[in-house]
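Per chain, numbering begins at 1; letters A, B, ... match sequence-line order.
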There are 2 protein chains.
Amino acid sequence: MDTKTLCLGVLAHGDASGYEIKKAFEDEALGHIQDAGFGSIYPALSRLLKAGHVTVTAETQAGKPDKKVYSLTPAGRLAFLDALATPSKFDQLRSDFLFKMLFAELMPARQLEAALDAHVAEIRGRLERMAGDDCGHVGVGPQFVHGFGLAMYRAADAYIEEHKYELLRAALMSEQPAEAAE
Amino acid sequence: MDTKTLCLGVLAHGDASGYEIKKAFEDEALGHIQDAGFGSIYPALSRLLKAGHVTVTAETQAGKPDKKVYSLTPAGRLAFLDALATPSKFDQLRSDFLFKMLFAELMPARQLEAALDAHVAEIRGRLERMAGDDCGHVGVGPQFVHGFGLAMYRAADAYIEEHKYELLRAALMSEQPAEAAE
DNA sequence: AGAAACATGTAATCGGTTACATGATTAT
DNA sequence: ATAATCATGTAACCGATTACATGTTTCT
């Protein structure tokens with residue numbers, strides 16, 4: 001998904017400035033599945049403006065810098081619907097964590113355990129934050145995605161807990177048993 | 001993970017040519033979690049050679065083009081171990097599919113169902129292919145990763161099956177009930 | 001006083017994807 | 001014949017990340 005389509009998606013849920021679009025990628029459902037920085041959002045909005053997919057209105061704010069609020073045009077809405085209809089290629093699991101685990105045998109046991117624990121801790125933190133989200137007000141789409149995220153994180157958590165000792169045992173056995181002398 | 005580190009990883013499992021490294025990203029465990037094309041592998045190998053992380057030996061083959069077989073140097077092995085020790089940022093779920101599902105309400109019911117079915121079909125295909133892999137000979141690392149992939153795909157499959165009708169019902173209700181007249 | 005949030009943008013850089021360029025052999 | 005596999009590489013392009021540049025207000 002390119003940043004232009006991502007911006008169209010955020011704007012489909014309501015008018016927003018570039019800054020507000022950035023914030024949308026930091027919390028809630030969107031933050032877990034896509035990301036974009038200022039350096040890609042602002043140029044994307046310029047291109048969308050040129051293409052006629054959005055319009056912009058400058059809003060002067062008391063005590064705050066001016067805001068440029070973008071709105072979807074009918075053409076922009078159509079373009080977004082079109083993007084939704086385009087089949088995208090299947091998402092890879094693409095994970096640095098899993099890549100490292102492929103080489104678990106090359107890592108010292110302590111380092112392996114630290115990597116595993118850090119990953120589980122991150123998953124649990126996300127799980128907790130997500131459990132607190134109230135999804136009553138959001139639509140079925142975001143609810144589905146939220147539930148999907150929960151299911152994935154829970155499955156990952158459970159799998160790692162169940163299998164980390166297999167990994168750790170192998171790592172410990174491959175190390176010199178000289179540690180008993182320490 | 002940049003392509004250089006990915007190449008180091010493949011070479012840590014044994015000497016290989018650029019072509020063979022590319023193949024490693026197409027099958028088995030690696031293919032599910034990382035990807036790299038010729039256009040990034042060859043330049044990466046050149047840079048690794050310049051950095052002294054790999055050495056190269058030209059192998060003349062009867063009836064086939066010459067091969068350049070790369071081997072890790074001790075420095076390269078160290079650099080890879082170092083990369084494994086470096087904490088990487090947490091993997092996002094980053095999914096085009098989920099992004100689209102966020103906007104399920106904007107899609108026609110048929111298109112939504114098609115997207116859902118295509119995704120499930122892809123997951124099941126992968127699940128079947130993975131079930132056939134014999135993991136007896138590989139190490140604990142690749143076995144862990146293989147099992148992780150299976151667990152994730154199974155969880156995704158189960159979640160979609162359980163919740164697709166919620167999505168579909170909402171999509172059908174939001175459409176005009178004029179279809180009974182057709 | 002200093003940091004953080006609000007707000008927008010540009011420029012340099014870096015790296016990945018895609019297409020191009022070449023060429024032999026083997027299988028259909 | 002033609003496509004596919006084996007084999008290596010370069011060049012153009014595209015876009016994302018990062019840093020830079022600017023300026024106010026509010027909170028600590």
- Could you give the CZ-to-P distance, from F38(A) to dG9(C), as a whole number of Å? 11 Å

- Task: Ignoring the backbone of K68(A), work out which of dG9(C), dC6(C), dT10(D) is nearest its side chain.
- Result: dG9(C)

- Give one of base, sugar-phosphate or nothing for G39(A), where a contact means two heavy atoms less than 4.0 Å apart. base

- Message: Counting the atoms with a prime plus P, OP1 and OP2 as sugar-phosphate, which does S17(A) contact under 4.0 Å by heavy atoms, base, sugar-phosphate, or nothing?
- Response: sugar-phosphate

- Note on the structure: When rounded to whole Å, the CZ to P distance for the pair R47(A) and dG9(C) reads 14 Å

- Message: Let me spell it out: for each of R94(B) and Y70(B), pick the nucleotide of DNA chain D with the closest heavy atom. Which residue's pick is nearer the 5' end?
- Response: Y70(B)

- L112(B) and A104(B): which non-hydrogen atoms are nearest, and at how many Å? CD1-CB, 3.9 Å

- Message: Classify F25(A) by what it touches in the nucleic acid, base, sugar-phosphate, or nothing, heavy-atom distance under 4.0 Å.
- Response: nothing

- Note on the structure: Scanning both residues in full, the closest heavy-atom pair of M130(B) with H146(B) reads O-NE2, 3.0 Å

- Spacing of Y42(A) atom OH relative to dA19(D) atom P, expressed in whole Å: 18 Å

- Quickly work out the E26(B) CD to dC6(D) C1' distance and round it to whole Å. 12 Å

- Task: Could you pick out which residue, M1(B) or S46(A), lies toward the 5' side of DNA chain C when each is mapped onto its nearest nucleotide?
- Result: S46(A)

- Message: Looking at T3(B), I'd like to know whether one of its side-chain N or O atoms comes within less than 4.0 Å of OP1 or OP2 on dG16(C).
- Response: yes

- Tell me yes or no: between the side chains of H163(B) and E166(B), is some donor less than 3.5 Å from an acceptor? yes

- Message: Ignoring hydrogens, what is the shortest heavy-atom contact between F103(A) and G9(B)? Give both atom names and the distance.
- Response: CE2-O, 3.1 Å

- Query: Please give, in whole Å, the distance from dA16(D) C1' to D2(B) CG?
  - Reply: 15 Å

- Message: In this structure, how many angstroms lie between the C1' atom of dT8(C) and the NZ atom of K67(A), rounded?
- Response: 13 Å

- Note on the structure: Rounded to whole Å, the CG-C1' distance (L6(B) to dG15(C)) equals 13 Å

- Message: Looking only at the side chain of Y19(B) (C-beta and beyond, no hydrogens), which of the listed nucleotides dA7(C), dT17(D), dT5(D) gets closest?
- Response: dT5(D)

- Message: In this structure, how many angstroms lie between the C1' atom of dT18(D) and the NZ atom of K89(B), rounded?
- Response: 11 Å

- So does R77(B) have more than 12 non-hydrogen atoms from other groups sitting under 6.0 Å from CZ? no

